[in-house]
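See structure below.
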2 protein chains.
Amino acid sequence: MKNQEKSPQLELAASLPDFLCFAVYSTNLAFHRAYKPLFEELGLTYPQYATLVALNEEDDQTVSQLGEKLLLESSTLTPLLKRLEAAGYVTRQRDSRDERQVRINITAQGRAVFDQVFCGRDAIIDATGLDPEAYVRLQRDLIKLRDNLLAASRK
Amino acid sequence: MKNQEKSPQLELAASLPDFLCFAVYSTNLAFHRAYKPLFEELGLTYPQYATLVALNEEDDQTVSQLGEKLLLESSTLTPLLKRLEAAGYVTRQRDSRDERQVRINITAQGRAVFDQVFCGRDAIIDATGLDPEAYVRLQRDLIKLRDNLLAASRK
DNA sequence: AGATAATAAATCGTATACGATATATATGAC
DNA sequence: GTCATATATATCGTATACGATTTATTATCT
């Protein structure tokens, strides 16, 4: 293995745990698993829940607006929203002023489900094993990283 | 916005950016996009690349061993490995001592592809906008978080 | 040894995720 | 007003991702 001869300043080792991207990738998988018991009784998935969070914060958004906040394309959101609609958690209707757009609204049932998951969130926060300062710091650092990556891939 | 009136010890606000899970989720999407230009000319995906990294580090692993390192099930890995095999990057063959297991080996072509992406990784590291200390710290904090989450969901 | 249990992959169904394309509507040029 | 362009969503094909099940092989129990 010639991975030992690494550059002095930064770990350029080729081991999986040495990749920041893999740390993010696998932590994402771990979060999905942690949330699963909360979701499965409701028939929800993590992206569906994130969509409800976005709608709970601001209702009556278009597919594009949701896509910007969730970093998802219409090709992902359209079927997801149709499932949320079928479950009775959101409504979808064309905007009468601009028939190209579809307005998404959260229903009372959707808000109830949001609240239910939100109340169970303490268990997830416990499971992170992070004290409040570490939680907030990690969150802030990640968002900075994410925005750096997005800016770089847009240029 | 009533997110300002947050609890004193921990942000229990319901806004999307206040969720650590969403920070991880969206950073993962951002990493995928950052890597895309490196991968698409090779016809690779991120999980496929991660698999090559794991095999470059340790060859001749079983599907289960790879699954443990990559946090993936055989239902995900089997088709992925078949695609890597079709691309000529790995070989798959039953272990003669235990015919239940399938041994995965990286090919010379697979190592070449690994090297090629690995060389282009400087651009990704640049794109993170992190100095070496911040990079390593974030990586370590994430892996701790991930292992905490996994431990909690196993209990 | 032979029935049973355990294990490793693979298969199937469903839900993201995205690029490319299609469709419908709106906007702009003239 | 008409045509070209732009925009918003939807559709399609491919690749993860996982739970549940299936199949093949190995281990165990008696």
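Lettering of chains follows the sequences in order, A, B, ..., and the numbering in each one begins at 1. Computed from a prediction, not measured in an experiment: that's the story for all the values here.
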- Starting at atom CG of B:L44, determine the distance to atom P of C:dC18, rounded to an integer number of angstrom. 18 Å

- Task: Go through the structure and list residues passing side-chain hydrogen bond (donor to acceptor under 3.5 Å, both in side chains) with A:N148, not counting sequence neighbours.
- Result: none

- Sorted by chain and number, sequence neighbours left out, ring-ring contact (aromatic ring centres under 6.0 Å, His included) with B:Y25 holds for A:Y46, B:F22

- Item | Single-linkage hydrophobic cluster, 4.5 Å side-chain cutoff, A:I143 and B:L145 together | no

- Task: Can you check each nucleotide of nucleotides 4-12 of chain D against protein heavy atoms at under 4.0 Å and return B for base, S for sugar-phosphate only, - for none, in 5' to 3' order?
- Result: ---BSBBBB

- May I ask you to evaluate whether B:Y35 reaches the phosphate of C:dC18, defined as a side-chain N or O under 4.0 Å from OP1 or OP2? no

- In whole angstrom, what separates A:Y46's OH from D:dC18's P? 16 Å

- Query: Given atom CG of A:L29 and atom P of D:dG19, what is their separation to the nearest angstrom?
  - Reply: 11 Å

- Message: Looking at C:dA17, I'd like to know if its phosphate oxygens (OP1 or OP2) sit under 4.0 Å from a side-chain N or O belonging to B:Y25.
- Response: yes

- Message: Looking only at the side chain of B:L72 (C-beta and beyond, no hydrogens), which of the listed nucleotides D:dT16, D:dA17, C:dA15 gets closest?
- Response: D:dA17

- Query: What is the nucleic acid contact for A:L71, judged by heavy atoms within less than 4.0 Å: base, sugar-phosphate only, or nothing?
  - Reply: sugar-phosphate

- Message: Between the side chains of A:K69 and A:E57, is the shortest nitrogen-to-carboxylate-oxygen separation below 4.0 Å, so that they form an ion pair?
- Response: no

- Side chain of B:R83 only, please: which of C:dC18, D:dT26, D:dT16 is the nearest? D:dT16

